[in-house]
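Excluded from the calculations below are hydrogen atoms, water molecules and symmetry mates; all remaining heavy atoms, backbone and side chain alike, are included.
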Amino acid sequence: MHHDMDMEQIVSLCKRRGFVFQSSEIYGGLNGFWDYGPLGVELKRNVKHAWWQDMVLAHDDLNVLPSAPGVYSMTGIDSTIIMHPQIWKCSGHYDLFIDKMVDCRECKGRFREDHIPGTPCPLKPSKQVGQHDKCSLTEPRDFNLMFKTTLGALGTEEDAAFLRPETAQGIFVNFKNVIDSTRYRLPLGIAQIGKSFRNEITPRNFTFRSREFEQMEIEFFCHPNESADWYRYWRDRRMKWYQDYGVGSERLRLREHAPDELSHYSIGTADIEYAFPFLSAGEYGELEGIAHRGDFDLRSHMEGKLDEKTRPLQVQLGPDGKPKWRGSGKDLSYRDDLTNEKFVPHVIEPSAGADRATLAIICEAYHEDEAPDEDGKSQKRTVLRFHPRLAPIKAAIFPLVKKDGMPEMAKEIYLALKKQFNVFYDEKGAVGRRYRRQDEAGTPYCITVDGQSLQDGTVTIRDRDTLQQERIKAADCLQVVRDKVG
RNA sequence: GCGGGUGUAGCUCAAUGGCAGAGCUCCAGCCUUCCAAGCUGGUGGUGAGGGUUCGAUUCCCUUCACCCGCUCCA
């Protein structure tokens with residue numbers, strides 16, 4: 001039942017209830033930036049926490065997981081947003097993100113300056129860009145897709161640095177550190193959650209395309225001979241993760257890239273996509289990409305940036321015949337203690353957008369349904385059906401009415417639960433209204449203290465989705481919520 | 001970056017070149033023993049800057065943001 005999923009309604013709810021605000025709103029807003037409010041920060045934290053918990057902390061590294069090619073380890077790091085500028089030259093981002101661009105005032109086309117030779121002009125008859133009489137090209141303009149900043153208070157152009165456009169490189173350049181400082185053996189996944197920055201040309205579609213965003217990335221290092229199996233494992237594992245948290249409708253799909261979409265060195269790349277309500281019918285937006293990256297990244301940081309068009313991969317050379325971008329010169333290969341084999345690991349990269357996952361979870365959770373009012377008449381109800389583990393508020397505690405000792409008992413339950421869960425206490429107004437407010441916030445359970453509670457020490461716990469109430473002992477509330485929320 | 005549209009209270013919408021209104025929400029109180037709109041009272045607004053004018057929320061210019069379509073999306 002998603003026919004009622006309407007983006008305007010969802011955006012409005014996000015603002016009204018404090019999930020997402022426009023950044024700098026009192027100053028008129030800032031294009032491409034969004035803030036999370038009191039409910040949003042909890043939801044997004046829960047998404048990130050679930051990811052870290054499921055992928056890293058709770059990972060069973062002693063047994064072969066279902067569908068996995070073998071046992072493997074998982075750990076994490078937290079690297080800086082600003083890193084050595086050479087990293088982005090070797091990663092390839094510098095070349096791709098610092099292009100000069102030329103706009104045509106006549107045909108409204110936008111072209112990379114270095115691509116103009118050979119690029120046809122959209123005007124007819126077709127000629128090269130700039131060759132038409134009508135062509136009116138602007139001067140080449142810097143098109144900095146990476147955010148540039150300056151190191152040091154007196155910084156000059158030589159001190160230019162960049163805000164990372166992805167967290168992945170922080171993992172690659174720490175691969176040797178992690179191996180050397182721990183006893184992990186391959187296969188090993190290193191996870192990182194953090195902010196990344198890209199000067200998107202057209203920020204649009206709510207938080208989907210933002211200039212500051214948060215990624216949840218794993219770089220999974222393995223033996224080259226096993227990399228294809230691990231690629232398939234991670235692709236399916238990550239798809240299942242979204243489904244496990246309720247993004248299970250036909251709006252979610254796994255799209256394997258066609259061979260001509262793949263980098264030369266990649267065995268496979270798949271996108272996990274979601275049909276966001278702001279997209280046209282049949283269109284999907286990327287939540288996560290799972291890429292087989294071969295040894296491109298580690299070797300680029302060893303030898304210098306590799307030329308993606310070569311096979312086998314070779315260092316990309318500049319006009320002087322020397323490496324265009326010099327690598328670190330450090331040996332990032334891995335020696336297997338058991339076989340004594342030395343090799344440069346291949347990498348599988350599941351790279352997820354935390355904001356996009358959060359947005360998809362909000363969209364998927366959004367429902368309008370009917371619930372009876374006090375006269376038994378059916379009334380429209382807006383409800384966010386979050387997975388209990390992701391819900392910002394786990395439970396709300398109400399006294400049925402604000403008298404006869406009910407508030408006192410409810411407050412006691414509230415404080416007991418608050419030590420472990422984000423819970424909410426409300427004693428104001430009609431209880432029905434309080435239920436509806438929690439439905440809109442996506443709170444899965446409401447605990448109500450009523451007249452009977454005072455007699456026998458029981459309370460009711462109401463389910464957000466079924467509206468059914470169950471009577472439990474007040475003393476059991478913590479355990480019941482723990483069991484339900486997990 | 002281009003074209004079109006839209007900006008009035010937290011939300012949905014009125015109105016006017018001359019004191020900016022309503023419903024809902026929210027807050028305080030009353031009432032209330034299980035699913036939002038019963039009573040009383042209250043808070044709160046013309047995206048920003050400039051211009052025309054005696055006076056601008058209204059007319060004009062600029063700007064910002066959002067939506068739609070292009071462009072872009074490593």
Suppose you measure atom C1' in B:U43 against the same atom in B:G1; what distance do you get, rounded to whole Å? 44 Å
Under the side-chain hydrogen bond (donor to acceptor under 3.5 Å, both in side chains) test, which residues partner A:S300, sequence neighbours left out? none
Does A:R17 contact B:G10 through a side-chain donor or acceptor facing the base, at a distance under 3.5 Å? no
For A:Y274, is the NZ or CZ atom of A:R356 found under 6.0 angstrom from the centre of its six-membered ring and inside 45 degrees of the ring axis? no
With A:K195 via side-chain hydrogen bond (donor to acceptor under 3.5 Å, both in side chains) - residues at least two apart: A:E212
Which of residues 448-478 of chain A sit near RNA chain B, with a heavy atom under 4.0 Å from it? A:T448, A:D450, A:G451, A:T460, A:R462, A:L467, A:Q469
Between B:G69, B:C66, B:U33, which one does the side chain of A:Q22 approach most closely? B:C66
If B:C54 has a Watson-Crick or G-U wobble mate with both distances under 3.5 Å, name it; if not, just say none. B:G18
Under 4.0 Å, heavy atom to any atom of RNA chain B: which of residues 206-214 of chain A qualify? A:F206, A:R209
When only distance counts, do a donor and an acceptor, one from the side chain of A:Y27 and one from the base of B:C64, lie under 3.5 Å apart? no
Any strand counts, and the cut-off is 3.5 Å on both contacts for Watson-Crick or G-U wobble. Which nucleotide pairs with B:U40? B:A28
Any residue meeting ring-ring contact (aromatic ring centres under 6.0 Å, His included) with A:F421, in chain and number order, not counting sequence neighbours: none
Sorted by chain and number, sequence neighbours left out, ring-ring contact (aromatic ring centres under 6.0 Å, His included) with A:W234 holds for A:Y72, A:F220
Taken in chain and number order and not counting sequence neighbours, the residues that satisfy side-chain hydrogen bond (donor to acceptor under 3.5 Å, both in side chains) with A:E288 are A:R238, A:Y242
Under 4.0 Å: is that the gap between some side-chain N or O of A:K15 and OP1 or OP2 of B:C11? yes
Considering Watson-Crick and G-U wobble pairs with both distances under 3.5 Å, what does B:C2 pair with? B:G69
List the atom pairs, with distances to 0.1 Å, where a side-chain N or O of residues 166-175 of chain A and a protein N or O form a donor-acceptor pair under 3.5 Å, not counting sequence neighbours.
{"unit_1": "A:E166", "atom_1": "OE1", "unit_2": "A:H93", "atom_2": "NE2", "d": "3.4"}
{"unit_1": "A:E166", "atom_1": "OE2", "unit_2": "A:Q169", "atom_2": "NE2", "d": "2.9"}
{"unit_1": "A:T167", "atom_1": "OG1", "unit_2": "A:E217", "atom_2": "OE1", "d": "2.4"}
{"unit_1": "A:Q169", "atom_1": "OE1", "unit_2": "A:H301", "atom_2": "NE2", "d": "2.7"}
{"unit_1": "A:N174", "atom_1": "OD1", "unit_2": "A:N177", "atom_2": "ND2", "d": "3.0"}
{"unit_1": "A:N174", "atom_1": "ND2", "unit_2": "A:G170", "atom_2": "O", "d": "2.9"}

Please check this pair: side chain of A:E440 against backbone of A:R17, looking for a donor-acceptor N/O pair closer than 3.5 Å. no
Mind checking side-chain hydrogen bond (donor to acceptor under 3.5 Å, both in side chains) for A:R464 and listing every partner two or more places apart, or none if nothing turns up? none
